[in-house]
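Let me begin by presenting the structure, written as structure tokens, before commenting on it.
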Amino acid sequence: MFKKTVEAKAQQRLSGADRKKLKRTIRDRFPRASDADIDALLPPKAEITVSKFQNRVHVYGVEGGFPLFFNVDGRGSEIYPTVFALWELPEMLPYFMLKGGEVSRFVIGGADLMFPGISVAAEGLPSFSAGEPWAVKVPGNPAPIAVGSTTMSSAEALKAGLRGKALRIMHYYRDLLWESVEGHYVPNSGFLEDVVLEDPSFLASNQPSDSSEGATCESDVQQSCVNNENTEGSIDVNGAISDACAASMQNDSENAAKEITTDASDLKSTANVDAAKLDIELSSLSIEDVDSHLDRCLLQALHTTVKDKDLPMPGSTLWSNHVLPCRPSGITLDIKKSSHKKLSKWLQAKTSTGLITVKEDKYKKEAMLISVNRGHPEYLQFKPEKRPVEKVVQAGDSAASESRSQKALEVVEVYKSSVHVNPIFASVGADTGKLYSASEATDIVFKYIEKENLVKQTNKATVVLDATLCDALFKGAIKKGSTYPTEIHKKDLGATFINRMQAHHMVTRGGESVVRKGVLKTVQIMTERRQGNKKVTKVSGLETFLIDPEALASELQKKFACSTTVAELPGKKGLEVLIQGGVIDDVARHLLEQYGIPKRYIEVLDKTRK
């Protein structure tokens, strides 16, 4: 899940309703965790953020803190705790105990867990169903090292003789999700590191020097792990290993854990110390300090990320996408801890100074940033800082613009020979299976005219029609009983000839190109009213121009600060994007400017206007 680097498309705060929904989902999916446990991870008064990635994974956490839960499909049905959360609540999930440190080396390398690598208790394999979230632990360590989903039920596993893949690993210690956290959360890292991987020198000192059995056991284990990793990308440490070797390996692991770790409670106590330090840092900020940070972050955003072309802008978008990313590292901004208490009041206060202009949208009941006074003394006197955060954002923007420029749209109308004009193509030796532009098709018919010498001598602008050319242009197109024409003007010849060919269109965006038969269909943007006199804007036909409806819905949700959904077209093939509100003109402008769709291919229909 987190083996490859994937950048987050957007990060935003959860609303009160979404926060309650998230906690309800966690409570239902993880019955082992009590309400107090969930509140300890996600405090009721803390701001909860969600980072949305391009692979549809959503990662949740407390603002300024560590990722605690992640959602695989973005719909809330498959949510898992991170290793960070499991270190706080190790018993949140049931767990499989590994047979030893050699197995853990492959688990934290990204391989899936096989049944032979699991230590089964004397009472037998615990009961579980397919698709359940389970954690992975090593002997002597209360801290889980990975989390995943079971691939089969316990009954199916017993029927298979405890062979095959047991757990599909979703997230593990030191994967890219872990590495993405700045200032890694490593409570007593020596404790965790030694128990997870075991001390190689300890293993070497505890192997019998005068017996080859121990060495053979270890080499067999390593060889089995390596072979299975290369062949299946999974762990199987028991394929050709005797029960005696497995027992010896497990005993060595337990002895190593006892000598390396003295107290597993260090994990919780260290986490509590870190949390206490964080609370002290936040509480040390006075109201004046918070106000000062807010003003500096606003000016930094106005200088670096807020562009005039993006205005008007909702206040919530200004706060989440521009002001918060400009805060200094280690500082958590909370508008409630300022003297203004509310975002709208703070923006109105800056309006009274003349720095910005803010008006309330009477329909959305939200403050909207209308304009920025870039000649204001505060704006002119402020010198924006060059921070690592800004460089990342600018690099992301340049990468996005570069990617967009590489994906410039190119639409070409092309034509293919039909049964009507095939004799003309055959006469001049042209390929009837090739696609031609309008000018190329016109050149072919004029080559035929030149070859057959059909230009009228008394009038060079007129072409005399022979039987072949007359049939190609008019056979089946003239009503019965009507007389076929004997000549045609040159200016009408090209259009008439092209109309008798098969129309196709070629759409190219970046390195992707597609050719479809027929006339190019337009993008349809329609606004209509729903129940409660609410407007909804529908966008369809995006696939024609190689636009991903899911990606566009995410863009528009962020741009217009409204809810968007993607649904199948009723009774037709394809998808449509539904946008809350009447934003028909804004969507058309976005498709024109950002995706390069020509105006003639955008069809607009507003059913709300009388």
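Shown here are the ring-ring contact (aromatic ring centres under 6.0 Å, His included) partners of Y95, two or more places apart in sequence or in another chain: there are none. Listed by chain and number, the residues in a ring-ring contact (aromatic ring centres under 6.0 Å, His included) with F96 are F128, W134 (sequence neighbours excluded).
Listed here is the closest heavy atom pair of A135 and P144: CB-CB, 4.0 Å. P116 and R163 make their closest contact through CG-NH1, 3.7 Å (heavy atoms, listed as atom of the first residue, atom of the second, distance). Smallest separation of non-hydrogen atoms from E576 and P570: OE2-CD, 4.3 Å. Taking each heavy atom of V577 and A553 in turn, the nearest pair found is CG1-CB, 3.9 Å. Counting all heavy atoms, side chain and backbone alike, V120 lies closest to G124 at CG1-C, 3.7 Å. Across T304 and C326, no two heavy atoms sit closer than the pair OG1-SG, 4.2 Å.
The 12-atom threshold is exceeded at CZ of R27, counting heavy atoms of other residues, nucleotides or ligands nearer than 6.0 Å. Applying the 6.0 Å contact sphere to CZ of R56 captures no more than 12 heavy atoms from other residues, nucleotides or ligands.
For the side-chain contact (heavy atoms from CB on, under 4.5 Å) with L68, the qualifying choice from V59, I48, I26, L42 is L42, the only one to do so. Checked against K165 for a side-chain hydrogen bond (donor to acceptor under 3.5 Å, both in side chains), the options T150, T151, D112 give a single hit: D112.
For the pair P90/K137, a side-chain contact is recorded, criterion being any heavy-atom separation below 4.5 Å from C-beta on. Here the side chains of K21 and L14 are not in contact, with every heavy-atom distance at 4.5 Å or above. For the pair V83/D175, no side-chain contact is recorded, criterion being any heavy-atom separation below 4.5 Å from C-beta on. With contacts defined as side-chain heavy-atom distances shorter than 4.5 Å, the pair H322/T305 qualifies. At a threshold of 4.5 Å between non-hydrogen side-chain atoms, the residues E543 and K573 do not count as touching. At a threshold of 4.5 Å between non-hydrogen side-chain atoms, the residues P133 and R29 count as touching. In this structure the side chain of K558 never reaches within 4.5 angstrom of the side chain of Q12, judged on heavy atoms. Under the 4.5 Å side-chain criterion, counting only non-hydrogen atoms from C-beta, N71 is not in contact with T25.
Between atom CG of residue N321 and atom CD of residue Q11 there is a gap of 9.5 Å, rounded to the nearest 0.5 Å. A distance of 11.0 Å separates CD1 in I335 from CD in E47, rounded to the nearest 0.5 Å. For the atom pair CG (L98) and CG (L113), the distance works out to 6.0 Å, reported to the nearest 0.5 Å. To the nearest 0.5 angstrom, F30 atom CZ is 11.0 Å from L89 atom CG. One distance of note links CE of M92 with CD1 of I38; it measures 7.5 Å at 0.5 Å rounding. To the nearest 0.5 Å, the span separating CD on Q557 from CG on L552 amounts to 11.5 Å.
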### Task
Show your working on side-chain contact (heavy atoms from CB on, under 4.5 Å) between S149 and Y80 and close with a plain yes or no.
CA-CA 9 Å; S149 174; Y80 297 86; 3.2 Å; yes
### Query
Under the side-chain contact (heavy atoms from CB on, under 4.5 Å) criterion, do L542 and Y595 qualify, and how do the steps go?
CA-CA 11 Å; L542 297 169; Y595 288 91; over 6 Å; no
### Task
Decide yes or no on side-chain contact (heavy atoms from CB on, under 4.5 Å) for D39 and K23, but give the supporting numbers first.
CA-CA 9 Å; D39 288 341; K23 287 191 174 183; 3.2 Å; yes
### Task
Evaluate side-chain contact (heavy atoms from CB on, under 4.5 Å) for L93 paired with R32, printing each intermediate quantity in order.
CA-CA 7 Å; L93 289 181; R32 287 170 166 244; 5.7 Å; no
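Judged purely by atom type and a 3.5 angstrom limit, K559 has no side-chain atom pairing as donor or acceptor with the backbone of V587. Counting only distance, with no hydrogens or angles, the side chain of E512 and the backbone of R509 share no donor-acceptor pair below 3.5 Å. Within the 3.5 Å criterion, the main-chain N or O of S316 finds no donor-acceptor partner in the side chain of R13.
Annotation: cation-pi geometry not satisfied between R19 and Y60 (NZ/CZ under 6.0 angstrom from ring centroid, within 45° of ring axis).
Between F66 and F84, the two ring planes are parallel [angle under 30°; tilted spans 30° to 60°].
In summary, the aromatic rings of F70 and H171 are positioned with their centroids under 6.0 Å apart.
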